[in-house]
Enquirer: 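Structure below; questions to follow.
By convention in this document, chain letters (A, B, ...) are assigned in the order of the sequence lines, proteins followed by strands, and residues within each chain are numbered from 1. All of these numbers come straight from a predicted model, not from anything done at the bench.
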Amino acid sequence: MTFITEKNKIYSIYTILYNEYGPQGWWPVDGKYFPENEKPFEIIVGAILTQNTSWQNADRALYNLRQKKLISPQKIICTKIDVLRTLIKPSGYYKQKAARLRAISLFFLKHLKEEVPKREDLLKVTGIGPETADSILLYAFHTPVFVVDAYTKRMFIRLDLVEKDDTYTDIQNIFLNSLPCDHSLFNEYHALIVKQGKEVCRKRPLCSICILRKKKVCSFNFFITGK
DNA sequence: ATCCAGGCGTTAT
DNA sequence: ATAACGCATGGA
């Protein structure tokens, strides 16, 4: 007889999703830190470009920047704002995001030599909110922080593990208190949540194909009543 | 045609 | 403190 507590439920869900979907191949969990390696800065740029935007669109913008060899704080600062805007246009909100890329570039030129930035400092940068800050810390610097996004909230409300009015921090703490503190676990879990949120636990959910419902972790059930 | 995407800052209640 | 709004492109 085994009890499913809310704590190990969080971990069980990870296991089920991982077994179902496999590794998601998000930003790599090895490699060197910025500025020794330029890859982490590309992750940072990607984190901004994908704000409320599909990765496909963000990646087009990233591709343009890569072609022009602009993936470095120095280059972004030096690039004329109109050029920058044009290059990142496919990611949407291109005026805001151009300004945000400049702001984060300035931040890393000023504050960072080798060490990992502080979350509170990242949050002071214009355009860096909690999710982007945590994405940067997790995916670029391998800091074990759990990234919460709209998918996470929607999905875990349905799983009855999160309340409707829980804040970003509330939700984050639920995960941090339930999981071993491991950056590669957090990396993979967040990516799996995004996968599940996109394909199954959508705004209009497809409960009939949900692996979590099949495994009896989720009792939420959605029926289309009309038509 | 409508809705949605790996949010954030500003402004109104 | 929390809610609503604008920002913008490309795919389903």
Side-chain angles (χ1 to χ4, degrees), chain A residues 14 17 21 23-29 40 42-65 81-107 119-141 143 145-157 162-172 175 183-206 209 222 224 226-227:
Chain A
Y14 168 76
L17 293 177
Y21 299 124
Q24 294 303 295
W26 275 34
W27 293 311
V29 294
E42 183 170 314
I43 294 170
I44 290 160
V45 171
I48 288 171
L49 293 177
T50 196
Q51 287 172 349
N52 200 40
T53 301
S54 68
W55 178 253
Q56 191 173 16
N57 280 2
D59 199 39
R60 284 196 176 98
L62 209 47
Y63 176 84
N64 292 341
L65 294 175
I81 194 72
D82 291 347
V83 174
L84 196 54
R85 284 176 173 179
T86 304
L87 290 170
I88 68 171
K89 208 155 195 166
S91 73
Y93 310 121
Y94 59 93
K95 293 180 187 172
Q96 290 186 352
K97 285 177 178 175
R100 289 174 187 185
L101 290 182
R102 282 193 159 183
I104 196 68
S105 296
L106 221 45
F107 173 82
R119 187 184 138 106
E120 53 177 301
D121 292 331
L122 284 172
L123 289 174
K124 290 179 197 154
V125 179
T126 314
I128 307 298
E131 185 186 337
T132 308
D134 288 337
S135 291
I136 289 170
L137 290 170
L138 177 60
Y139 288 101
F141 294 97
T143 306
V145 290
F146 201 89
V147 176
V148 175
D149 66 353
Y151 290 128
T152 312
K153 183 162 185 176
R154 183 173 70 207
M155 182 173 153
F156 284 82
I157 284 175
V162 162
E163 308 278 339
K164 171 167 82 283
D165 55 351
D166 280 351
T167 65
Y168 185 97
T169 311
D170 294 334
I171 299 171
Q172 186 175 52
F175 285 88
H183 77 87
S184 60
L185 168 66
F186 295 166
N187 175 329
E188 202 59 56
Y189 202 165
H190 175 65
L192 287 165
I193 289 169
V194 171
K195 169 98 172 167
Q196 175 79 354
K198 262 199 266 214
E199 298 183 0
V200 182
C201 206
R202 314 181 311 188
K203 198 155 196 177
R204 210 165 117 263
L206 304 180
I209 63 164
F222 180 84
I224 302 168
K227 321 258 174 326

Enquirer: Here's a test of your reading of the structure: between A:Arg154 and A:Ala133, which maps to the more 5' nucleotide of DNA chain B?
Expert: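 Here A:Arg154 is the residue nearer the 5' end.
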
Enquirer: Looking at A:Lys153 and A:Asp166, is there a salt bridge between them, counting it only when a charged N and a carboxylate O are closer than 4.0 Å?
Expert: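 No, no charged N to carboxylate O under 4.0 Å.
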
Enquirer: Would you kindly say whether A:Asn187 and A:Ser184 are connected by a side-chain donor-acceptor distance under 3.5 Å?
Expert: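 No - no donor-acceptor pair under 3.5 Å links their side chains.
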
Enquirer: Considering only the C1' atoms, how many Å lie between C:dA8 and B:dC4, rounded to the nearest integer?
Expert: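 Those two atoms are separated by 13 Å.
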
Enquirer: Taking C:dG6 as the reference, what is the distance to B:dG6 when you measure between their P atoms (whole Å, please)?
Expert: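 Per the computed distance, 23 Å lies between those P atoms.
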
Enquirer: Taking the side chain as every heavy atom from C-beta outward, state whether A:Leu137 and A:Asp134 have any atom pair closer than 4.5 Å.
Expert: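 Side-chain contact under 4.5 Å: yes.
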
Enquirer: Counting the atoms with a prime plus P, OP1 and OP2 as sugar-phosphate, which does A:Ile128 contact under 4.0 Å by heavy atoms, base, sugar-phosphate, or nothing?
Expert: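 Here A:Ile128 touches the backbone only, sparing every base.
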
Enquirer: Hey, can you tell me if A:His190 and A:Tyr139 have their rings parallel, tilted or perpendicular (30° and 60° cut-offs)?
Expert: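 Ring orientation, 0 to 90° scale: tilted.
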
Enquirer: So, taking the atom named CD in A:Gln96 and the one named OG in A:Ser91, what distance separates them when rounded to the nearest 0.5 Å?
Expert: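 Spacing of CD (A:Gln96) from OG (A:Ser91) equals 10.5 Å.
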
Enquirer: Using the heavy-atom set of chain A and a strict 4.0 Å cut-off, write down the first and last nucleotide of DNA chain B that makes it in, 5' to 3'.
Expert: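 Counting from the 5' end, contacts occupy B:dC4 to B:dG9.
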
Enquirer: Looking at every strand, decide which applies to A:Val148 at a 4.0 Å heavy-atom threshold: base, sugar-phosphate, or nothing.
Expert: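 Contact class for A:Val148: none.
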
Enquirer: Tell me if a side-chain donor or acceptor on A:Asp59 pairs with a main-chain N or O of A:Leu62 at a distance below 3.5 Å.
Expert: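 Absent.
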
Enquirer: With the sugar-phosphate defined as primed atoms, P, OP1 and OP2, and the base as all remaining atoms, what B/S/- string results for nucleotides 5-12 of chain C, 5' to 3', for protein heavy atoms under 4.0 Å?
Expert: --BBBSS-

Enquirer: What's the separation between atom CZ in A:Arg100 and atom CD1 in A:Ile48, rounded to the nearest 0.5 Å?
Expert: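 Rounded to the nearest 0.5 Å, the CZ-CD1 separation comes out at 8.0 Å.
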
Enquirer: Using distance alone, with no hydrogens and no angle criterion, decide if A:Tyr14 and A:Glu188 have a side-chain donor and acceptor under 3.5 Å apart.
Expert: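 Side chains of A:Tyr14 and A:Glu188: no pair found under 3.5 Å.
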
